[in-house]
Amino acid sequence: MNLPMSMEQEEASPEGELVQDNWERFVRARTSDAFCSAWLALICEKFPNARQAAVLVEAQGGQAFVPIAVWPTAHAEMARMSAAVQRAIGDRRAVVLPVADQPGLLHVATPLSVNERIAGAVVLEMIADASSVPSLLRELHWGNAWLSNLLGKRDHDAAVEASTRSLGVLEAIATTLRHERFQQALFDLCNELRHRFGCTRVAIGLVREAKVTLVALSEAATFEKSSPLVQAYVAAMGEACDLAQPVESQEGYRAHAALLQRTGSSTALSLPIAQQARCLAVLTLERGDDRRFTEDERKWLDAFVALSAPVVAQRRDAERNSLQRLGDESRRVLKHLLGPRYLVWKVGATLAMIALAFLIFLPISYRVTAKTMTEGEIQRVAAAPFEGFLTASFVRAGDTVSEGQVLAQLDDHDLQVERTKWASDRDQYDNKLREAMAQHDLTAIQVVSAQRDEAQAQLDLLNDKLARTKIRAPYNGVVVSGDLSQQIGTPVEIGKKLFEVAPLHNYRIILQVDERDIGAIQVGQPGELVMHGLAGAPMPFTVAKIMPVATAQDGKNVYRVEAQLTHGTALLLPGMEGVGKVSVGRRTLGWVLLHSLFDWLRLSLWNWGL
């Protein structure tokens with residue numbers, strides 16, 4: 001930083017002596033307050049028109065900025081500089097604002113950034129002077145590096161301190177996970193905390209059913225649980241557990257005062273280890289000298305208590321035996337059911353008992369559900385009579401057709417050409433036959449007659465094929481399958497299925513019953529059928545036939561069961577699908593809901609050889 005005078009001038013004048021004194025304060029500063037105060041004094045003394053100034057830094061909570069240094073002294077008028085500070089911090093740049101109620105004054109504020117984070121600000125109030133403002137901004141721009149470095153060092157020191165504290169806490173928590181037995185882990189933890197904080201004794205007690213039990217005492221592998229010393233520890237820990245907050249003996253607590261009187265220590269600190277507002281354990285530390293626990297030590301212990309609570313809960317619950325686990329769960333459930341509050345548990349238990357009674361005693365009609373479809377009693381296939389090309393399609397699946405109606409037509413151009421050829425050949429053979437007969441040439445008559453018959457046979461065959469180029473319906477019915485509207489012009493092979501036609505109003509009901517339910521199905525049982533397209537009209541039927549062969553469909557084995565409708569309906573069409581339910585008798589509600597599970601369990605046990 002450039003000082004306003006040379007060293008010789010400083011020594012020759014009172015102002016120079018003052019600047020030299022501020023410079024020495026700046027160089028020898030050991031605290032942040034002293035450093036910032038000296039730096040601010042150097043800046044203000046270089047600009048005589050400065051009236052007052054302040055350096056503000058971010059508070060610990062990070063929610064506000066507080067002054068760390070003021071010049072010349074703190075007073076209430078400094079509050080009017082807050083607008084400039086807020087503007088500089090919000091815009092992240094230096095600002096120069098005139099004072100609204102003081103003409104002739106300016107507020108100059110610049111933000112202090114650390115790692116691209118606004119960590120503070122410098123603000124000055126000065127007499128308006130257009131020539132000195134640029135110099136002041138330049139000086140603040142270069143001089144802010146000192147403060148940014150100071151604030152960066154503070155953040156670094158705080159981060160190092162927090163990291164060191166976290167590492168120590170994690171090492172202490174790792175002690176509780178090191179041993180297989182929880183009590184041994186707590187004993188080692190007591191010894192480690194005793195050495196870390198210079199305590200005379202450290203104790204840990206576990207809380208179970210609002211009762212504290214001392215389980216670990218530093219430097220004492222075993223102890224008599226009924227001894228007065230142990231009872232004093234238990235009373236002090238119970239006091240901290242009841243208050244649900246840290247308790248220090250010098251604050252005037254009876255049980256802790258009695259503990260100090262018995263142990264001869266000067267300070268005792270008890271910290272409850274709680275999880276979800278439930279006290280799990282209590283940690284007590286004692287010191288024989290007059291030292292109290294510092295703020296840093298309390299922060300360390302608070303972090304340790306907060307992080308160790310889940311570990312203590314897990315290790316304590318893990319070492320319970322089976323009877324303790326059963327007892328804990330039973331007491332918890334009974335407390336919810338019979339104790340005060342927990343209305344939801346009580347209502348739930350009542351509803352569960354009512355539901356159980358319904359499951360055991362309520363009889364209902366049991367019906368086997370199966371996927372159902374309709375089939376025509378007879379179905380005829382309209383196939384391609386010969387190889388050719390499709391020229392037209394007049395119907396599609398679902399259309400009603402009458403006997404002889406044209407369904408589709410094949411290309412007959414090649415057949416017509418070939419028919420013309422054979423007709424011409426036949427006429428030629430007729431002429432030759434007449435000539436041979438006129439000449440009484442018996443050999444020629446026989447040869448030409450055979451050729452004429454061959455030509456006639458080919459002509460008859462072509463006429464038959466031409467008649468079959470139009471695919472016709474074999475009877476009155478409905479087209480079950482086939483849609484050739486998108487295949488016009490494509491070749492077809494001889495015998496290829498083009499359409500499937502079923503007669504109207506003559507159907508079979510087919511139920512696909514799962515193999516697990518087929519044992520309950522018998523011929524003559526009644527049922528009801530609901531088709532997808534006729535959901536509002538259940539149709540009664542009777543089981544007519546059970547096919548004894550299973551087929552695999554959708555990963556399940558199903559049996560084909562035929563049924564007959566009790567009353568025919570004109571709305572039913574072949575190929576429709578729905579759901580059928582066969583009534584097989586009355587069962588209890590519990591059996592209906594759970595018999596599939598019980599059957600699976602029995603089969604699994606049998607498969608495992610049990």
Gln564, CD atom: more than 12 neighbouring heavy atoms under 6.0 Å:
no
Applied to residues 407-457, the ring pair (Phe, Tyr, Trp, His ring centres under 6.0 Å) test, sequence neighbours excluded, yields none
Applying side chain to side chain donor-acceptor pair (under 3.5 Å), name anything that partners Arg586, two or more places apart in sequence or on another chain.
none
Among all residues two or more places apart in sequence or in another chain, which pass the side chain to side chain contact (heavy atoms under 4.5 Å, CB included) test with Val347?
Leu343, Leu351
Between Ile546 and Ile518 the two heavy atoms that sit nearest each other are CG2-CD1, 4.2 Å
Pair Leu362, Ile364 - check side-chain contact (heavy atoms from CB on, under 4.5 Å), show working.
CA-CA 7 Å; Leu362 180 64; Ile364 63 172; 4.2 Å; yes
Write out all pairs satisfying side chain to side chain donor-acceptor pair (under 3.5 Å) with one or both partners inside residues 592-602, taking only residues at least two apart or from two chains.
Tyr366-His595, Asp599-Arg602
Please report the shortest heavy-atom distance between Phe541 and Leu511, naming the atom on each side.
CZ-CD2, 3.9 Å
Can a donor-acceptor pair be found between the side chains of Asp460 and Gln456 at a distance below 3.5 Å?
yes
Just by distance, do the side chain of Gln405 and the backbone of Ser402 share a donor-acceptor pair under 3.5 Å?
yes
Is there side-chain contact between Tyr559 and Asp514, with at least one heavy-atom pair below 4.5 Å?
no
Looking at Thr372 and Ala370, would you say the former's side chain and the latter's main chain have a donor-acceptor pair under 3.5 Å?
yes
To the nearest 0.5 Å, what is the distance between CD1 on Ile509 and CG on Leu565?
4.0 Å
Restricting to side chain to side chain donor-acceptor pair (under 3.5 Å), what partner residues turn up for Asp554, sequence neighbours left out?
none
Residue pairs involving residues 442-451 (criterion side chain to side chain donor-acceptor pair (under 3.5 Å); sequence neighbours excluded)
none
Side chain to side chain donor-acceptor pair (under 3.5 Å) partners for Arg367, two or more places apart
none
For residues 487-500, which residue pairs qualify under side chain to side chain donor-acceptor pair (under 3.5 Å), counting only residues two or more places apart or in two chains?
Gln379-Glu500, Ser481-Glu500
Is it the case that over 12 heavy atoms from other parts of the model lie below 6.0 angstrom from the NZ atom of Lys556?
no
If you compare all heavy atoms of Val523 against all heavy atoms of Ala544, which two are closest, and at what distance to 0.1 Å?
CG1-O, 3.7 Å
Take a 6.0 Å sphere around CZ of Arg516 and say whether it holds more than 12 heavy atoms from other residues, nucleotides or ligands.
no
Could you check if a side-chain atom of Val543 sits within less than 4.5 angstrom of a side-chain atom of Val582, using non-hydrogen atoms only?
yes
Looking at Phe499 and Ala408, what are the two nearest heavy atoms and their distance?
CE1-CB, 3.8 Å
Could you walk me through whether Thr391 and Ile488 satisfy the side-chain contact (heavy atoms from CB on, under 4.5 Å) test, starting with their C-alpha distance in whole Å, then the side-chain angles of each, then the deciding distance to 0.1 Å, before giving a yes or no?
CA-CA 6 Å; Thr391 59; Ile488 304 300; 5.6 Å; no
Salt bridge (charged side-chain N to carboxylate O under 4.0 Å, His left out) partners for Arg472, two or more places apart
none
Go through it in stages, so that I can follow the logic: the residues are Ile445 and Leu433, the test is side-chain contact (heavy atoms from CB on, under 4.5 Å), and I'd like the CA-CA distance, side-chain angles, deciding distance and then a yes or no.
CA-CA 6 Å; Ile445 291 174; Leu433 180 60; 3.8 Å; yes
By salt bridge (charged side-chain N to carboxylate O under 4.0 Å, His left out), Glu387 pairs with (sequence neighbours left out) none
Side chains of Leu280 and Val207: closer than 4.5 Å at any heavy-atom pair?
no
Check against side-chain contact (heavy atoms from CB on, under 4.5 Å), Glu515 and Val558
CA-CA 5 Å; Glu515 62 178 349; Val558 297; over 6 Å; no
Close side-chain approach of Gln525 and Val584, heavy atoms under 4.5 Å
yes
For Asp430, enumerate each residue passing the side chain to side chain donor-acceptor pair (under 3.5 Å) test, keeping only those at least two apart in sequence or located in another chain.
Arg452
Mind listing the closest non-hydrogen atom pair of Lys432 and Val448 along with its distance?
CB-CG1, 3.8 Å
Under a 3.5 Å distance rule, please check whether Thr374 uses its side chain to pair with a backbone N or O of Met576 as donor and acceptor.
yes
Any heavy-atom pair between the side chains of Leu390 and Asp411 that's under 4.5 Å?
no
For Pro111 and Ala94, work out which heavy atoms get closest and say how close.
CD-N, 3.9 Å
Kindly compute the distance separating CD (Gln553) from CG (Asn557), expressed to the nearest 0.5 Å.
10.0 Å
Given side chains that start at C-beta, do those of Val561 and Met547 come closer than 4.5 Å, heavy atoms only?
no
Heavy-atom side-chain proximity of Thr588 to Ile360 below 4.5 angstrom:
no
Between the CG atom in Leu206 and the CZ atom in Arg316, the distance rounded to the nearest 0.5 Å is 7.0 Å
Would you say that Val579 contacts Lys371 through its side chain, given a criterion of any heavy-atom pair below 4.5 Å between the two side chains?
no
Rounded to the nearest 0.5 Å, how far apart are NZ of Lys299 and CG of Asp302?
10.0 Å
Please identify each residue that fulfils salt bridge (charged side-chain N to carboxylate O under 4.0 Å, His left out) with Arg93, with sequence neighbours left out.
Asp91
Rounding to 0.5 Å, atoms CG (Leu338) and NZ (Lys346) come to a distance of 7.0 Å
Do the side chain of Gln183 and the main chain of Val215 share a donor and acceptor less than 3.5 angstrom apart?
yes
Is there a donor-acceptor pair under 3.5 Å between the side chain of Ser308 and the backbone N or O of Phe304?
yes
Measure the spacing between CG of Asp425 and CG of Leu459 and express it to the nearest 0.5 Å.
10.0 Å
Take a 6.0 Å sphere around CZ of Phe386 and say whether it holds more than 12 heavy atoms from other residues, nucleotides or ligands.
yes
